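The structure appears below as structure tokens.
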Amino acid sequence: MATRQTRTLARTMMAPAVIVLLIWMAVPLGMTIWFSFQNYSLINPMMTGFAGWGNYEYVIGDPSFTQALLNTLLLVGGVLLITVIGGTFLALLLDQPVWGQGILRILVISPFFVMPPVAALIWKNGFMHPGYGMLGHLYEALGLEPVDWFAQYPLFSVIVIVAWQWLPFATLILLTALQSLSEEQREAAEMDGANAVNRFRYIILPHMARAITIVILIQTIFLLGIFAEIRVTTGGGPGYASTNIAFLVFRTGILSNDIGAGSAGGVVAVIIANIVAIFLMRAVGKNLDA
Amino acid sequence: MGSITLEHVNKSFGEVEIIPDISLEIKDGEFVVFVGPSGCGKSTLLRLIAGLEDTSSGHIKLDGEDVTGAPPARRGLAMVFQSYALYPHMSVRDNIAFPLKMAKTPQAIIDQKVDYAARTLNLGSYLDRRPRALSGGQRQRVAIGRAIVREPKAFLFDEPLSNLDAALRVNMRLEITELHQQLKTTMIYVTHDQVEAMTMADRIVVLNAGNVEQFGSPLELYKKPANRFVAGFIGSPKMNFVDGPEAEKHKAHAIGVRPEHFTLSTTAGAGQWAGTVNVAEQLGSDTFLHVEVEGLGLMTVRTDGDQTFSHGDKVYLTPDANRIYRFDAAGLAL
Ligand SMILES: Nc1ncnc2c1ncn2[C@@H]1O[C@H](COP(=O)(O)OP(=O)(O)OP(=O)(O)O)[C@@H](O)[C@H]1O
Ligand SMILES: [Mg+2]
């Protein structure tokens, strides 16, 4: 791509894709911003016109917003914690030479192929339902009162489901990182008198730092927008106990038919995602340069 | 202290027997080199001693104590790997200090020992760098530094110089030899470079297909090779072998003559064997001639570098009668 001619050619060839992408992104974003400043409620069609910051004040001022923000952070943080620690642990186990390793790995990876609503339904009815879920039966067999997970621990239950879905991804990435550690380095550490715990702490963990960073970055992007799992299981409730920002936008815009306020919530969500992204890049991006 | 004894050590990977049966006694303070062709089991033997592989049968003793089942850390040996195996995310200082840290040595003593190692190996100005920012020779020195701070019973080197260029290799060879003289610790050194073996070793173990062919001092191996394999392996260029009627004249199945043990003449008839120069490799100090001898095949001959030869020149060779090696049908020296 050195000569002027090839550069012009490259630009011309890429232009359609870039333009489509730009329209694809810019038009909905522009429309959302536009709606967020309008009085636009399907329930009250007579109320129209410019709303100023009204929609924003309405969304942010509502106590449900603070709770949704907190829930979003708890959801992202909780899932990251479980998947990174659990993924590291599983990767260490899967790295051991065992019989049937290939099949075992496929089994571990399979939850990732289950669509979010399906996964949520399986958990909702198959495991966590107090009446006919497996956990309910287990509690009964032990002579305990079955737990109604989605009523008693709604956010925790959602975190468990989402973590189950993302654990394979983390495991896979971390396992690859683990396998790229040179055998000689492990052996050198062993000769140097490092026991298993110290080998993990001083040799394996620093080696995996980069992969862990990538897991955190990619997962955060997807976890900020978790929706299907909440929609299928708790519906954001009880109250707002398991409503995150994405689900709050849905509740305001679609369930309450207030397009204006919903759009304002959407814009706020985009801003929050960007703030999180900036912090994340600052905090962990360093690892990527090393 | 660091005497190492192997008693009937056997190693198999699954069905494949790599080391059938080796017994060796390495004395305290000795510099022993393992040489042999690629794949003969040198690294495997070294790793058995280190404890990185389990023996299939037999015993390994350190200072008389049986360590056959002991993990590497408990054996008190230090190993320098071919790829250096430095820890990339630690500074040079932390790399060298790592074994001490693992042994829970007090910080003051760690600092003192790291400084000593850095001075011995001229690493002073790199201590705060990462291994990535070092040259191959410097990395090698860090790896050696990491080994010496532990004051191990013995050092194990697995082809430590094979990634370095020729000039640096000569330097590091001298440094390791000096280090041995200074520390007087047992060293086992694996190489396939027989120049390294000859120059560094107190004693050499020649391995072939997992068997010890001969264990002796460099000159012993050169002068009295136990069999045809050792005779061919030690010495550069390789010994020339002749069998058939010419060998029967010496009452042997085969005879061997080293390239340096020929008298060479260009006068017609002034030699036992007549031949034609095929290739002449002129090194300046010496010239290696590859001579096609009638009825006997290709022979390598070493002469001084003063005379020049070219392809097709007629030469006449006389092997030095006192330095003809004789072998029986099984390849053993007679
Ligand atoms: N883990 C293993 N499993 C099966 N076979 C092995 C294993 N490690 C080594 N071998 C085999 O053992 C033999 C000896 O290997 P080793 O590494 O000791 O050779 P070497 O003498 O060090 O050779 P080189 O000079 O090329 O390093 C080889 O044939 C090799 O294929
Ligand atoms: Mg080897």
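Note that this is a predicted model, so its numbers are computed, not measured. In the text below, chain A, chain B and the rest are named by the order of the sequence lines, each starting its count at 1.
- Side-chain contact between A:M191 and B:R75: absent, with no pair of heavy atoms (C-beta onward) separated by less than 4.5 Å.
- For the pairing with B:F81, the side-chain contact (heavy atoms from CB on, under 4.5 Å) check across A:E183, A:E184, A:Q185 returns one residue only, A:E184.
- A:I203 is listed as a side-chain neighbour of B:M90, based on a closest heavy-atom distance under 4.5 Å.
- Heavy-atom distances place both the backbone and the side chain of B:L77 under 4.5 Å from chain A.
- Around NE2 of B:H89, the count of heavy atoms belonging to other residues, nucleotides or ligands within 6.0 Å exceeds 12.
- In this structure, the side chains of A:Y202 and B:Y87 stay at 4.5 Å or more apart for every pair of heavy atoms.
- In this structure, A:D192 and B:R150 have side chains that are in contact, with non-hydrogen atoms separated by less than 4.5 Å.
- Heavy-atom contacts from other residues, nucleotides or ligands closer than 6.0 Å to CD1 of A:I103 number 12 or fewer.
- Applying the side-chain hydrogen bond (donor to acceptor under 3.5 Å, both in side chains) test to every pair with at least one member in residues 77-100 of chain A, sequence neighbours left out, gives these pairs: A:T83-A:Q219, A:D95-A:R186.
- Contact of B:R74 with chain A is not made at all, since no heavy-atom distance falls under 4.5 Å.
- Among all heavy-atom pairs drawn from A:G193 and B:A73, the shortest one is CA-CB, 3.6 Å.
- At most 12 heavy atoms of other shown residues, nucleotides or ligands fall within 6.0 angstrom of atom CD in B:E25.
- Interatomic distance, CD of A:E190 versus CE of B:M79, reported as 11.0 Å (0.5 Å rounding).
- Atom CD of A:Q179 sits in a crowded spot, with more than 12 heavy atoms from other residues, nucleotides or ligands closer than 6.0 Å.
- Of the two parts of B:A50, the backbone and the side chain both hold a non-hydrogen atom closer than 4.5 Å to a non-hydrogen atom of chain A.
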